[in-house]
Protein chains: 2
Amino acid sequence: MKVTQQEIAQHEPDLSSAAALIGEPTRATILTALMTGLALPAGELAELAGVSPQTASMHLQKLLENNMVSVETQGRHRYYRLENSDVAVALEALMVIAPTQPKKRQLPNQDMCYARTCYDHLAGWLGVLLCQTMLENNWITQQHLEFTPTELGKNKLASLGIQPSQARACLDWTERRHHIGGELGRNITTYLLEQKWVVRHTSSRALRVTEKGILGLRDVFGMRL
Amino acid sequence: MKVTQQEIAQHEPDLSSAAALIGEPTRATILTALMTGLALPAGELAELAGVSPQTASMHLQKLLENNMVSVETQGRHRYYRLENSDVAVALEALMVIAPTQPKKRQLPNQDMCYARTCYDHLAGWLGVLLCQTMLENNWITQQHLEFTPTELGKNKLASLGIQPSQARACLDWTERRHHIGGELGRNITTYLLEQKWVVRHTSSRALRVTEKGILGLRDVFGMRL
DNA sequence: AAAACGTTTCAAGTTTGATCGAAACAAAAT
DNA sequence: ATTTTGTTTCGATCAAACTTGAAACGTTTT
């Protein structure tokens, strides 16, 4: 046995173990799926990742042991979700530096780039456009990594029943641009889903804008889709 | 061959490959060392990680291919550094969720928790304390993830020859609290090093406060060490 | 010109850990 | 009660990749 780097870095966070956990393709797929914020049962995650239930179970156990996910048992189902938002933040940060798949430059799943949720707020092309529209219409102002609703924005949002909270600027990994995260991002996404302006694709993070949504987003937010 | 998760996530950033790159212990040690912002030669990184030069060379090549580090050749030396701050951000985000080494709960290297640099700005206990002191003394104000120098702070900093820039709040993984990052963080750290109030430990990210520094930090910044 | 040094390339050996069949377990459905 | 379904545990297999010795390459020193 030789002197390992563990001894050198004994007192630090075990960076490699955390990264290795995410670095296995099956687990990465599982974690990516859980970034919707949804809790998904083991079997569904197995199918999603294209592995057998045994394999997925093993991976989920490892994720569980390392506090990356938590589990809730309901009957014979076990629902897994991300442990906390720190995990989501780390995943997003990794996505920023991750290479995009080189092959198939045309977008195989246009929906996914079009609209999706980032942990719990709206991301993708739709999220970025919404963010820009709100900036252009002066509903919010941006100070570096922070969005603040203006008086106009507060009134508009409140009239829709959306709490005009502060928002964090969240970097998007398909658009490489900012969208609205934080509490406000969550509130808006909740509103859009409640109004059925966007609906979730089955077992995916992708969102679809409904016909009602196209009208609503245009009339209320002033978005040109 | 079976259907792999690559096909499902084809259009997305290759999360797993980026994470796997960091997930190998030797590479993680190398990357952690480079988080000082320093450029280090291959041989030194090999010794630091406790592996042979060949091994380190192979790992560095992989990091290079994936744009995690960049290299600069000087004579027979090749100096490696982190490619950009996005990489440092991802590493920090991982450290937040990484488990700290369970064995040896007492801190084996107190210096490392005491003071160190986070990529290029001051972190650790000293960084957090400095940040708090500046907030208490009303040199800066905090809006969520952003620090802004006050008029008082601008004057104080300018009189020291420190550019009173904006600052990003950066989460520290030993203290789990914010410290001053961004441009201002860099400026302050440069100042402290120039004044020799803090000095770098040899081949480590840890910093040591000099006797001159204890006086200086007390008299100028009002810090109680 | 020769030797020393830092680094990379090549070609092994070796280990880690992902995978799945088989089986066990638990809850729900029949 | 029996069957079906969702999940986990066990054991064996296998592939990916980390590791180092040997050697090659380029630069600096003597």
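Residue numbers begin at 1 in each chain, while the letters A, B, ... track the order of the sequences. Only a predicted model underlies this, so the values are computations on that prediction, with no experimental measurement involved.
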Please report, rounded to the nearest Å, how far the [atom2] atom of [N] is from the [atom1] atom of [X].
X     : N      : atom1 : atom2 : value
A:N66 : C:dG17 : CG    : C1'   : 14 Å
A:E47 : C:dC20 : CD    : P     : 14 Å
A:R76 : D:dG6  : CZ    : C1'   : 6 Å
A:E24 : D:dA15 : CD    : C1'   : 13 Å
B:L21 : D:dA16 : CG    : P     : 18 Å
A:I30 : C:dT19 : CD1   : C1'   : 13 Å
B:L63 : D:dC18 : CG    : P     : 10 Å
A:Q61 : D:dT7  : CD    : C1'   : 12 Å

Is the closest side-chain donor-acceptor distance between [X] and [Y] under 3.5 Å?
X      : Y      : result
A:T32  : A:T29  : no
A:S17  : A:N66  : no
A:N187 : A:T189 : no

Do any side-chain nitrogens or oxygens of [X] fall under 4.0 Å of OP1 or OP2 in [N]?
X     : N      : value
B:R27 : D:dC18 : yes
A:S52 : C:dC20 : yes
A:S57 : D:dT7  : no
A:T26 : C:dT19 : yes
A:T55 : C:dA18 : no
B:K62 : D:dC18 : yes

Could you check which of [options] has an atom nearest any side-chain atom of [X]?
X     : options               : value
B:Q54 : C:dC20, D:dG21, C:dC5 : D:dG21
B:R78 : C:dA18, C:dA28, C:dT7 : C:dT7
B:P53 : C:dT7, D:dT7, C:dC20  : C:dT7
A:H59 : C:dC20, C:dA18, D:dG6 : C:dA18

side-chain contact (heavy atoms from CB on, under 4.5 Å) partner of B:L217, chosen from B:Q195, B:M223, B:K212: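 For B:L217, the side-chain contact (heavy atoms from CB on, under 4.5 Å) test succeeds with only one of B:Q195, B:M223, B:K212, which is B:M223.
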Heavy atoms of other groups near B:K196 NZ, more than 12 under 6.0 Å: no
Nearest-nucleotide comparison on DNA chain C, the residue closer to the 5′ end among A:M58 and B:H77: B:H77
Residue met sooner reading DNA chain C from 5', once B:A42 and A:A20 are mapped to nucleotides: B:A42
Sugar-phosphate, base or nothing in reach of B:Y80, heavy atoms under 4.0 Å: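 Result for B:Y80 = sugar-phosphate.
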Contact summary for B:S70 and B:L64, nearest pair of heavy atoms: CA-CD1, 3.8 Å
